[in-house]
Amino acid sequence: MTDVTVKIDGQDVTVPEGTLVIRAAEEAGIEIPRFCDHPLLAPVGACRQCLVDIPDAGNGRGFPKPQASCTIPVAEGMVVETQNTTAVKAQQGIMEFLLVNHPLDCPVCDKGGECPLQNQAMSHGQGETRFEGTKRTFPKPINLSPNVLLDRERCIVCQRCTRFAAEIPGDPGIALIQRGAQQQIGIAEDKPFSSYFSGNVIQICPVGALTSDDYRFRARPFDLVSTPGVAEHDACGAAIRIDHRRGKVMRRLAGNDPEVNEEWISDKDRFGFRYAVRDRLTSPMIRENGELRPASWLEAVAVAAQGLAGAGSVGVLPGGRLTLEDAKAYAAFARDTLRTPHLDFRSRPLSEEETGFLRSRVAGTTVTYADLDAADHVVLVGLEPEDEAGTLFLRLRKANRAGLRITTLSPYASEGSRKLGAQVVLTAPGAEKDALSQVSGVTEASVILVGERLATSPGAYSAAAELADRTGARLAWVPRRAGDRGAVEADLLPGENGLDAEAMVRAGLDALVIAGVDPDDTADPAAFLAALDQAGFVVSLEQRVTAVTERADVVLPVATASEKAGTFVTWEGRRRPFEKVFDKPAAYSDAEVLGHITAELSLVGPESAGVADETVVSSPTTTDSAATTTDSAGFRLATWRLMLDNGTLQSGDKALAATARPAFVRIPAALHAELGDVVTITGDRGSWTLPALPAEMADSTVWVPTNSFGRGVWADLASPGSTVTVEGAQ
Amino acid sequence: MTDTLTPVLTANWGDERAWTLPAYAATGGYDALDVALGMAPEDVQTMVKDSGLRGRGGAGFPTGVKWGFLPPPDPENPKPRYLVVNADESEPGTCKDIPLMMASPHTLVEGVIISSYAIRAERAFIYVRGEVLHVVRRLRAAVREAYEAGHLGTNIHGSGYDLELVVHAGAGAYICGEETALLDSLEGRRGQPRLRPPFPAVAGLYASPTVINNAESIASVPAIVKNGADWFAGMGTEKSAGVGIFSLSGHVKRPGQYEAPLGITLRTLIDLAGGIREGHELKFWTPGGSSTPLFTQEHLDVTLDFEGVAAAGSMLGTRALQIFDDSVCVVRAVLRWTEFYKHESCGKCTPCREGTWWLVQVLERLEKGQGSPEDLDLLLDQCDNILGRSFCALGDGATSPITSSIQYFRDEYLAHLEQGGCPFDAKKSTAWAEAVQ
Amino acid sequence: MSLAPETFDELREIAARYPQARSGLLPMLHLVQSVEGRVTPEGIQACADVLGLTPAEVSGVATFYTMYKRHPVGTHHVGVCTNTLCAVMGGDEIFACLREKLEVGNDETTADGSITLEHIECNAACDYAPVVMVNWEFFDNQTPESASQLVDDLREGREVVASRGARITSWREAERVLAGFEDGLVDEGPAAGSASRVGLELARERGWAAPGDAHGSSDLPEELPEAVEVADTRRAESETIAEEASDD
């Protein structure tokens with residue numbers, strides 16, 4: 001890649017070959033006005049605002065007309081004038097045209113104060129318009145989706161939104177419709193713009209045409225304080241910007257991080273933040289006479305310490321929402337304070353195989369987004385990026401469009417796989433081990449990405465590791481929650497002779513210390529709740545009222561991500577530190593709370609400070625909690641969580657919830673033809689009647705979204721790895 | 001010395017059932033195809049280049065040179081090559097391709113086959129505007145006949161050359177006459193022009209090497225192959241070789257199609273057409289459709305070739321000679337054309353989309369006698385901000401009637417202001433108006 | 001209500017004519033119009049399903065082109081050209097007359113569903129101005145009276161024949177032809193109208209022709225006598241060279 005030197009406004013600028021003039025100008029600190037140009041979208045040259053004069057194209061001859069600098073690559077010796085008479089008149093002319101039909105909505109427009117049209121009209125416009133005619137009007141606003149609203153009068157048809165939708169997530173649910181001055185952004189009748197990434201169009205819209213139902217009319221940019229943060233909804237670590245006012249989050253935007261999420265975030269990252277103000281625990285509580293009552297911190301910590309000191313066996317279940325600092329605190333708490341080996345952050349179906357895998361193949365490793373770009377082939381196993389790791393999905397799709405080959409071992413050919421350009425190898429749940437041994441085209445330049453679902457597929461993790469060893473490919477684990485990888489780094493896994501989370505439930509320990517765990521996520525929700533009821537003493541460190549707090553003996557409220565500083569670790573192993581957004585003196589992080597308990601325990605007495613390790617021998621968690629033989633009358637149950645579902649961190653965000661994709665189960669096409677659109681699925685824990693869509697499925701497999709109905713699949717329908725029956729229900 | 005009128009493409013338009021294959025073959029149709037198939041494709045290209053044929057769709061780019069822009073076929077990375085015929089004739093005043101395809105579609109089909117052979121294209125498309133049902137019938141039937149007779153399909157005339165030809169009807173959008181918008185439309189998208197580079201010769205239809213030519217250009221190829229490059233080059237002028245169909249419409253006694261060597265003058269053509277209507281004088285006219293700056297009586301002797309018209313300040317375009325006599329209000333004419341551009345603007349770029357919206361409003365006010373003389377300066381400045389600043393030539397074309405009419409008829413605009421309205425009687429310009437004694 | 005299976009088959013047939021199926025979208029939308037009388041949401045969904053596009057993308061195409069109508073079109077579509085030349089020649093009067101007669105505005109359909117009246121742009125028949133198109137067939141040299149009669153004939157169901165085209169069928173049947181299905185009417189109508197032939201006939205009358213054309217007279221025009229010798233020599237030379245070349 002050679003460098004090219006050009007002269008822009010008299011300044012010499014040296015940039016890599018192929019750089020667009022508008023980017024080269026930015027290197028020189030010259031901001032050419034623009035609207036349709038966006039560094040991450042293919043140039044279109046539509047708005048014409050970036051017109052510049054090019055007296056010398058690098059060959060001694062000038063362009064006879066001004067050129068759109070967002071479409072012209074630099075050439076050695078090129079001379080560009082962005083502010084001479086020709087360029088200024090051209091730019092002012094375009095600005096005047098843009099304002100011909102643009103309504104003077106600034107006083108009531110969300111974008112006012114952070115509006116590129118306002119700013120550039122002031123900096124590059126001519127001050128007064130000569131237009132005295134009639135502007136075209138439209139009824140406004142209209143819904144492109146339940147959350148994204150369009151004001152067609154304000155739209156300058158820069159097409160950033162339609163180009164984004166088509167290029168980046170591959171969801172062309174908005175398109176240009178009509179022609180000429182009537183041209184507008186539109187959807188097909190009754191078909192809302194459905195994309196997990198729809199909110200990005202609001203952020204990149206250079207005017208106030210696109211707004212969210214969520215934020216509309218709620219604040220002004222000059223009221224807001226912006227704090228950079230890290231998205232807490234998945235393990236991707238997207239950079240976000242949290243805009244808040246008087247202690248309340250008003251909105252979240254994508255942060256700019258070329259190494260991770262570029263300038264995009266999922267709608268869940270963007271609009272999912274009201275959980276932090278719903279049903280919050282406001283004070284510690286202790287159980288007295290069977291009832292929970294508020295208590296002071298001193299009292300609650302003392303009770304907690306006493307209860308733990310008196311317990312024979314203690315299990316610690318930190319869950320997957322922790323920062324790295326909190327995770328390390330739990331590790332120290334379990335090992336040093338409680339001296340118990342029973343420690344497991346996993347709050348969902350797991351396996352012993354996984355425990356070993358995480359320790360040996362995940363902890364301490366690094367595979368980055370850039371490594372995916374550079375790979376020749378990425379193999380996805382037990383991972384559906386579009387639903388489970390939005391930022392990763394966009395990076396993979398971008399890489400695929402640049403030539404990356406992607407293969408996915410998946411129970412059905414999802415839309416997400418299609419958008420990744422992935423070759424789908426239909427793989428029934430449980431068959432991943434065999435499928436992995438047959439994957440071809442994996443080299444040392446390849447990357448294998450495995451999801452946490454493989455814990456329910458005996459041998460799958462090992463097969464993935466073996467494939468990596470055999471070929472020299474890199475291997476990375478993509479978990480669901482933001483704190484999962486940090487928990488692995490902090491080794492929140494069973495110690496020597498320690499029980500994992502499922503074994504703890506079966507063993508019936510004397511005491512449990514539980515943080516962010518939802519019983520319905522676990523492999524056996526009923527057993528988990530029973531274990532809570534049975535346990536002599538339960539300490540819950542939680543943010544809000546849950547099924548765990550309701551059964552706890554001591555409830556200690558802890559801070560959410562915006563109330564503390566901390567570090568998330570992404571699936572890559574990348575540390576993502578973030579600052580505290582809100583200073584709430586009463587909000588303690590998990591680490592701080594554990595510190596208080598530790599201090600209290602040391603006061604209780606050195607003999608009682610360490611909890612004797614009375615290991616209760618119980619049946620180990622076998623790797624075949626999954627039934628390995630298929631009941632001939634049944635279907636294997638494949639499941640994963642849709643990105644927008646009944647998840648706890650999405651509660652309270654009504655506008656976001658309204659954009660969730662309708663949840664369908666997927667059944668084989670032949671079965672759908674036989675049974676129709678509504679089916680009853682029956683598993684060993686219950687029965688659901690749900691709408692169904694036909695799909696190309698792996699043999700004898702059906703797919704059900706994990707947490708879109710009732711209390712979720714593990715609570716209401718079937719145990720992990722089991723089979724279900726399907727009948728018609730119409 | 002060539003004759004004043006030289007029917008070549010129009011020569012068989014009077015023949016009985018001229019549109020059928022038997023009629024076309026009876027006068028030597030598809031003989032040229034045999035000649036071409038007996039030559040190397042590159043030699044056919046050279047012949048067309050040497051003939052001096054320039055694009056007949058308005059831009060006048062040398063056709064043989066355009067064909068030469070296709071990259072040489074790459075055996076390692078073979079990409080399909082396409083010929084696309086632009087039969088979207090929609091420029092106001094232009095009416096030569098439609099009657100050609102109605103009367104003698106086989107002339108075009110034969111031209112397509114020879115041209116495709118010359119550029120080694122394996123597939124060709126005729127993109128014809130949708131608003132001409134009978135032309136679509138004639139084209140489709142001609143293609144069917146050609147397949148049946150072995151002029152299309154595999155191993156044409158035993159030469160080993162294969163060609164598939166599809167007739168594709170548009171759906172009503174002037175902008176689809178712009179070659180890259182046409183390609184997008186042919187791909188099943190909105191007809192909005194594309195960024196160039198890449199140029200269609202390198203990445204055109206389906207991102208493959210593509211040549212797009214006007215229907216009349218391609219229809220001229222059989223005659224060139226049959227009669228030789230020199231024959232064609234020997235007609236017309238040095239830089240504007242050959243013959244073209246000149247379309248006269250409006251206030252002449254005999255409007256119609258007059259095929260003549262390039263370089264003829266309007267004076268000659270009007271004379272041939274029987275003169276301006278009785279009792280009237282020529283007031284203004286377009287040399288090449290509404291997108292070309294207007295001419296007046298001053299320009300009767302401008303040679304109608306590319307250089308002559310350009311030197312006089314306009315463009316030869318499609319030789320769409322719309323003739324307006326003294327009964328016609330220039331402001332009314334210009335306003336109506338501007339409404340056309342506004343209606344047809346694709347909307348992609350700001351100056352054309354917003355500019356035409358605004359221009360129409362200013363012109364409407366002026367036509368009604370409202371506004372002020374400064375509005376003329378405003379119009380000129382708006383045009384200055386559109387010309388050369390829009391994404392494609394539609395924006396440019398929209399400015400031509402305005403700037404040229406203000407240049408030659410400023411007083412007429414001012415007269416509207418002075419009189420508070422249009423001084424002309426619209427009834428006098430109609431085709432059935434009583435002759436002026 | 002979804003489209004009939006036969007229509008889906010025809011939509012697929014259209015798409016299969018092209019190396020890339022999406023190219024079929026414009027003719028497919030013409031087919032939808034022929035079947036549904038307009039572009040319906042069901043039609044859009046059908047095209048989207050056949051081509052693997054989103055309905056939004058298909059809507060974008062369906063709303064870009066003037067010939068696609070979202071509202072029901074009458075049995076016949078009557079387009080009056082009101083671009084500058086035809087307008088000046090009388091198109092404006094014709095449109096005003098029909099609008100008043102039919103009691104509809106631009107792009108509106110009469111109450112009985114028989115006629116949709118629309119302003120149209122230049123339809124490439126300027127030498128026959130003022131022009132009216134019925135279902136995209138040419139009706140040349142119209143006047144308010146003839147246009148009025150034309151509309152009456154259409155409404156009364158009398159046979160109407162285009163000036164340079166076939167007998168009028170219906171807008172839907174015309175749309176089907178545009179979708180690529182022949183209707184057998186190609187041989188109706190002349191090759192060319194009189195205006196189209198006016199130059200050809202004048203040339204024949206005067207013995208003018210292109211060089212080498214049998215229709216040409218051997219008399220040389222008088223206007224440019226100095227060119228005579230040059231022209232003669234060139235032709236002789238080229239013919240001589242060709243003969244020499246063919247001797248090899």
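Letters go in sequence order (proteins before strands), and every chain restarts at 1.
Contact of A:Q159 with chain B is made through the side chain alone, with heavy-atom distances under 4.5 Å. For B:T356, no part lies near chain A; criterion is any non-hydrogen pair under 4.5 Å. In this structure, the portions of A:L176 lying under 4.5 Å from any heavy atom of chain B include both its backbone and its side chain. At a 4.5 Å heavy-atom cutoff, the contact between B:E344 and chain A is made by backbone and side-chain atoms alike. When heavy atoms are compared at a cutoff of 4.5 Å, A:Q49 does not approach chain B at all.
If you tally non-hydrogen atom pairs under 4.5 Å between each of B:P351, B:C349, B:P197 and chain A, the highest count goes to B:P351. Ranked by heavy-atom pairs under 4.5 Å with chain B, the list A:Q182, A:K65, A:K89 is led by A:K89. Here B:E354 is the residue among B:K342, B:R194, B:E354 with the most heavy-atom pairs under 4.5 Å with chain A. The candidate with the highest count of non-hydrogen atom pairs below 4.5 Å against chain A, out of B:I175, B:L378, B:D381, B:D384, is B:D381.
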Between A:V44 and B:F391, is a side-chain contact (heavy atoms from CB on, under 4.5 Å) present by the stated rule, with each step listed? CA-CA 10 Å; A:V44 285; B:F391 192 94; 5.9 Å; no

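Once rounded to the nearest 0.5 Å, the distance linking CG of B:D375 with CD of A:E132 reads 7.5 Å. Atom-to-atom distance recorded for A:R48:CZ and B:S390:OG is 7.0 Å, nearest 0.5 angstrom. Distance check: A:I177 CD1 to B:R190 CZ gives 8.0 Å after rounding to the nearest 0.5 Å. To the nearest 0.5 Å, atoms NZ (B:K348) and SG (A:C47) are separated by 11.5 Å. In this structure, CD1 in B:I386 is found 4.0 Å from CZ in A:F97, a value given to the nearest 0.5 Å. For the atom pair B:W358 CH2 and A:E96 CD, the distance stands at 3.5 Å (nearest 0.5 Å).
Contacts of B:Y174 classified as ring-ring contact (aromatic ring centres under 6.0 Å, His included), with partners at least two apart in sequence or in another chain: B:F340.
Scanning both residues, B:R353 and A:I156, for their nearest heavy atoms gives NH2-O, 3.1 Å. Across every non-hydrogen atom of B:R389 and A:L51, the tightest pair is CG-CD1, 3.4 Å.
Heavy atoms from other residues, nucleotides or ligands lying under 6.0 Å from CD of B:Q419 number more than 12. Heavy-atom neighbours of A:K419 NZ from other residues, nucleotides or ligands within 6.0 Å: above the threshold of 12.
In this structure a side-chain-to-backbone donor-acceptor pair under 3.5 Å is present from A:R179 to B:H343.
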